[in-house]
Amino acid sequence: MKSLGWCSLLATFTVFTSAQFVPPYTENCRRGMYPPAGPTFEGNVPWYKINLDSAPRQRWDQVINDKKVELTNLIKVIKELALDFFPSGKLIDLVDKDLALLVDTLPFPFNEELKGIADVSGLPLGEIVFFNIFYEIFTVCTSLVAEDEAGKLYHARNLDFGLFLGWDTKNSSWRIPEYLRPLTVNLDFRRNNRTVFKSTNFAGYVGMLTGMKPGTFTLTMNERFSVEGGYIGIIEWILGRRDEIWMSFLTRSVLENATSYAQAKDQLANTEMLAPAYFILGGNQTGEGCVITRSRMSCLDIWELDLKRGRWYVLETNYDHWQEPLFLDNRRTPAMKCMNQTTQAKISVETIYDVLSTKPVLNKLTTYTTLMDVSAGTLETFLRNCPDPCMPW
């Protein structure tokens, strides 16, 4: 079904006339949702190993061989959306012809990995580059780090993606999440046959949005809405300013190279980036958990666990924690309500999954839920669905 482009925005507001979409649509805190089952559970996520000892151009061969059809389908939909907004087709021409020329301006090994993905998938290199740029702009999420009474730390997130990108009126859903779910993979990055870090990713995307260095730290990234958004940094990069790092390349570099929570926090707080962001970081010792609020050039705030003040969890959506969220997009208040009802005494992987299964924390954009236990070294990811009544975001 062809996307409606700008008309999808009108459709989104039209559905608000139905009572089920009057914001903020919420519900009582869920209980007993884990292990995942029922209509909100779309399936498990497969695991792949990425061998960091292999040549970068070959690292993704197995993943892309298995997911090339799904990757091709998603890029086809992205191109359809682009044509709806830019009917002349000039944007598609720019992607296919000019973005490929920029791949060598990207840092090693990401540039070589992108070339390898294009080789195996058979897709134009420019489209693979565009697919990776895509996530610097359109990611909205809920992430949290919590500490139980025994000092054990948990980190979890809902990945919500595709805001305003093609409302499917037939299925009452956004088109992009429909195509992203089959591309979701868990990755075990290994060197010398040992795990360096784990992540949940989309096949074909070489940056990191969700990851864990087992026994050391956990990390998620949420988009931060700002007038100096990621599109400005991307334009500057295209025009030749290249002294900042891509946000998702930074998270991957930290996961691969940082050896402690403190080192990860320092790198995330002080590295200049192309886009503003929230980095949600968890460690492996009591009190190690924080939300790092970033502009492109500097750290604006570090909001940390503080057990002495009763702050046993930190929770971030897509708004500065010291400001009220947009009333049309208040996932924070329902999520915090459910965390507070759960209490520190009962917090666990199971009860955190309940929180992330409660609407509107779970919404039409939610693609997957990831649960991480740093001390056990476990990362679990589940594909999600939000049956009606459910908020579009």
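Keep in mind the model is a prediction, meaning the values are calculated, not measured. Along the sequence shown, residues carry numbers from 1.
Salt bridge Glu80/Arg175: present, at least one basic N to carboxylate O contact under 4.0 Å. Between Glu272 and Arg296 there is no salt bridge, since no side-chain nitrogen of the basic residue lies less than 4.0 Å from a carboxylate oxygen of the acidic one. A salt bridge links Glu27 with Arg30: the closest approach of a Lys/Arg side-chain nitrogen to an acidic carboxylate oxygen falls below 4.0 angstrom. Note on Asp188 versus Arg190: salt bridge recorded, some NZ/NE/NH1/NH2 to OD/OE distance being below 4.0 Å. A salt bridge is absent between Arg311 and Glu304: the closest approach of a Lys/Arg side-chain nitrogen to an acidic carboxylate oxygen does not fall below 4.0 angstrom.
In the model, Thr293 has no side-chain atom that pairs as donor or acceptor with a side-chain atom of Asp320 under 3.5 Å. If you check the side chains of Asn222 and Thr220, you find no donor sitting under 3.5 Å from an acceptor. Tyr313 and Asn340 share a donor-acceptor pair across their side chains, judged by distance under 3.5 Å alone. No side-chain N or O of Ser173 forms a donor-acceptor pair with one of Asp168 less than 3.5 Å apart. In this structure, a donor-acceptor pair under 3.5 Å is absent between the side chains of Tyr319 and Asn330. Between the side chains of Asp301 and His321, at least one donor-acceptor pair of N or O atoms lies under 3.5 Å. For the residue pair Thr142/Thr317, the side-chain donor-acceptor check at 3.5 Å is not satisfied.
Checked by atom type and distance alone, the side chain of Lys364 never pairs as donor or acceptor with a backbone atom of Trp174 at under 3.5 Å.
Using bins of under 30°, 30° to 60° and over 60° for the plane-to-plane angle, the ring pair Tyr353/Tyr34 lands in the perpendicular bin.
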If you apply the rule side-chain contact (heavy atoms from CB on, under 4.5 Å), what do you find for Asn385 with Phe41, and how did you get there?
CA-CA 6 Å; Asn385 178 51; Phe41 172 58; over 6 Å; no

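In this structure, Ile128 and Asn132 approach most closely via the heavy-atom pair O-ND2, 2.9 Å. Taking each heavy atom of Leu362 and Leu356 in turn, the nearest pair found is CB-O, 3.6 Å. Nearest heavy-atom pair, Ala156 versus Leu371, reported as atom, atom and distance to 0.1 Å: CB-CD2, 3.7 Å.
Within the 4.5 Å cutoff, the side chain of Arg157 has no heavy atoms near those of the Leu144 side chain. No side-chain heavy atom of Lys213 sits less than 4.5 Å from a side-chain heavy atom of Thr195.
Applying the side-chain hydrogen bond (donor to acceptor under 3.5 Å, both in side chains) test to every pair with at least one member in residues 52-67, sequence neighbours left out, gives these pairs: Tyr48-Asp66, Asn51-Ser54, Arg57-Asp119, Arg59-Glu113, Trp60-Glu113.
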